[in-house]
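Notes for the one structure printed next.
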2 protein chains.
Amino acid sequence: MTQLDLSGPDSELESESSPKLGRKRDHSRDPEILEAALEVLAESGYDGMTIDMVAARAKAGKGTLYRRWASKGELVVDAVACMKRGQYDVVPDTGTLRGDLVAMIKPASIEDGERKLQIMAGVMSMISRSPELSDAINDAIIRPRAEVNRLFLRRAMERGEIASDIDVETLSLVTPAMAAYRTLILKKPVDREFLLAMIDHVMLPAVGLGSAASAPAQAAPVGA
Amino acid sequence: MTQLDLSGPDSELESESSPKLGRKRDHSRDPEILEAALEVLAESGYDGMTIDMVAARAKAGKGTLYRRWASKGELVVDAVACMKRGQYDVVPDTGTLRGDLVAMIKPASIEDGERKLQIMAGVMSMISRSPELSDAINDAIIRPRAEVNRLFLRRAMERGEIASDIDVETLSLVTPAMAAYRTLILKKPVDREFLLAMIDHVMLPAVGLGSAASAPAQAAPVGA
DNA sequence: TGTATCCGAAACTACTCAGTACCGTATATA
DNA sequence: TATATACGGTACTGAGTAGTTTCGGATACA
């Protein structure tokens, strides 16, 4: 197993000026609120999401949310950003490229990926208008996935398993791109079968490792 | 060149009951209105788009729009659907898979594709809530692209240029998926260089035709 | 040439929702 | 125990927008 650090330090300044007396702000519920925001975001998208929905789902008052985040936009950016913590901290190292790729196929990882893509779809139309949101999405969802593939390809290259002039940058994006396409547009599940097809019929053949770019056992479907 | 019909008959019933006298509805401006809708959609997304914006851009009255479409949603579905007319009516047939794929790289086609992807981003969050819109997007943007690749791969297979057990369904989606990913998420241009990299470093190697899955002349970029 | 219907423009209605203000209550600090 | 503040909840404000109606003027058909 290998370390792969993707999380940066958490820079919240808060800048509390003079808390002389009384009760301090209870930050213990922040994660629940952000989680509620992500749920609503995944279900309804950015524009369909209302602060009331988030507050209701988190069983919090609307005022409480505005005490912590200045606007809906900041809440969403924060919610998206908090997703990046603690994912892919440890990745497999099986000794072969195929082994590494196959070892990444786990039910939990599949389900998690599907949810992240739903969230991405929900904020899609905002991305072009909010660089902050765009960056948050990139750091939390996009980059981590490609990063893992890049690592696997580089290691295979160092081992001499694949040629040294492989286009790692392009290839490491192929499976994430196809997964996004499949979930958001085709609305088909990103299941084990699909991921294995990607590995054995696209990735490995493309790096010269495929025994053949074979189709699965059943005949290829003909209709659209 | 080969025929590839993707457009179905235009089933508008209109059902005008009794136009006994007076002026008939002027449908000559419908395309301008739909075009205006697509422009606004690409710029502002579904939720950011207002009927007033579309009416203003088409230099039409809001009432005129509602006389033709019952709601904003129907207007958008219609606008998206009307995109599918007359694209890829004719596709190249060069005799080799690479020749066919490269022949599809044209500046006009690239620009057109970019615009379509912007529109797709704009309606992304609506797709999961409107099956009609989802179908329209699929028919107008997604399917045509994959269809061309499928045709190229099938022809190459019939020629014996590639193995008969290639996973055509998966491979025909790889480039469209990567193009969407690149435009919508990475926000990089889908230019000739990228498309050539897809052909020479992914598609052809994956079907066993690559001389090698080589990186381009310049060294592979290292940073994210 | 008359007339019914279209047109673009603009006013109007009904509604949603971000953000604010305030309530009575709970609770951490002093 | 006293107090200041956060809390959940609710009512409010103001802006924006889908959809309707109404207007005077233009235009195709009889």
Side-chain angles (χ1 to χ4, degrees), chain A residues 14-37 40-41 43-79 122-123 125-126 129-130 133, chain B residues 14-37 40-41 43-79 122-123 125-126 129-130 133:
Chain A
E14 185 76 10
S15 72
E16 257 171 72
S17 46
S18 54
K20 300 208 166 172
L21 208 55
R23 193 178 167 188
K24 278 177 199 161
R25 182 163 301 167
D26 175 17
H27 274 200
S28 67
R29 302 215 45 217
D30 285 14
E32 292 173 57
I33 297 171
L34 292 172
E35 176 58 27
V40 177
L41 214 51
E43 288 167 20
S44 310
Y46 182 90
D47 296 280
M49 157 183 160
T50 69
I51 298 291
D52 289 288
M53 285 185 199
V54 178
R57 186 161 314 208
K59 289 185 177 59
K62 197 150 70 149
T64 304
L65 270 67
Y66 276 103
R67 227 169 277 130
R68 289 169 170 68
W69 294 279
S71 68
K72 175 180 171 179
E74 288 190 20
L75 168 61
V76 169
V77 168
D78 229 36
V123 300
S125 61
M126 277 300 293
R129 268 163 279 159
S130 165
L133 184 55
Chain B
E14 185 75 10
S15 71
E16 256 171 73
S17 46
S18 55
K20 300 205 169 170
L21 207 57
R23 194 180 168 188
K24 279 176 198 161
R25 182 162 296 167
D26 175 19
H27 274 199
S28 68
R29 302 216 46 219
D30 285 13
E32 291 172 57
I33 297 172
L34 292 172
E35 175 58 27
V40 177
L41 214 50
E43 289 167 18
S44 309
Y46 181 89
D47 297 281
M49 156 182 161
T50 69
I51 299 291
D52 288 291
M53 283 184 198
V54 178
R57 186 160 316 207
K59 287 186 179 59
K62 198 153 66 151
T64 304
L65 270 68
Y66 276 103
R67 225 168 280 131
R68 289 168 170 68
W69 295 277
S71 68
K72 175 180 172 180
E74 289 192 19
L75 170 61
V76 169
V77 169
D78 228 36
V123 300
S125 60
M126 277 300 293
R129 267 162 283 160
S130 164
L133 185 54

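All figures in this text were calculated on a predicted structure; none of them were measured in a lab.
If you find the closest nucleotide of DNA chain C to Tyr46(A) and to Gly63(A), the one lying nearer the 5' end belongs to Tyr46(A).
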Which donor-acceptor pairs under 3.5 Å do the side chains of residues 51-64 of chain A make with protein atoms, sequence neighbours left out?
residue	atom	partner	partner atom	Å
Arg57(A)	NH1	Glu39(A)	OE1	3.0
Arg57(A)	NH1	Glu43(A)	OE2	3.0
Arg57(A)	NH2	Glu43(A)	OE1	3.1

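Scanning for side chain to side chain donor-acceptor pair (under 3.5 Å) contacts around Glu74(A) gives an empty result, with sequence neighbours left out. Not counting sequence neighbours, the partners of Arg29(B) by the salt bridge (charged side-chain N to carboxylate O under 4.0 Å, His left out) test are Glu32(B). With sequence neighbours left out, the side chain to side chain donor-acceptor pair (under 3.5 Å) criterion links Asp26(A) to Ser28(A). Judged as a salt bridge (charged side-chain N to carboxylate O under 4.0 Å, His left out), and not counting sequence neighbours, Lys72(A) has no contacts.
The closest side-chain heavy-atom distance from Val40(A) to Glu35(A) is not below 4.5 Å.
Between its two ends, the helix from dT1(C)-dA30(D) to dA30(C)-dT1(D) turns its axis by 20°, counting five pairs per end and rounding to 10 degrees.
Contact annotation: side chain of Lys62(B) to base of dG19(D), donor-acceptor pair present below 3.5 Å.
Contact annotation: Arg67(A) does not reach the phosphate of dT20(C) (side-chain N/O to OP1 or OP2, under 4.0 Å). Dashed line: the shortest gap from a side-chain N or O of Arg25(A) to OP1 or OP2 of dT29(C) is not under 4.0 Å. Contact between the side-chain N/O atoms of Lys72(B) and the OP1/OP2 oxygens of dA18(D) is found at a separation under 4.0 Å.
Of the residues in residues 49-56 of chain B, Met49(B), Thr50(B), Ile51(B) come within less than 4.0 Å of DNA chain D through at least one heavy atom, sorted by number.
Counting only heavy atoms from C-beta on, Ala60(B) has its side chain closest to dG8(C) among dC7(D), dG8(D), dG8(C).
Note: CE (Met126(A)) to P (dA18(C)) measures 12 Å, nearest angstrom. For the pair Leu65(A) CG and dG9(D) P, the computed distance is 12 Å after rounding to whole Å. Look at CG on Asp26(A): it is 8 Å from C1' on dA6(D), rounded to the nearest Å.
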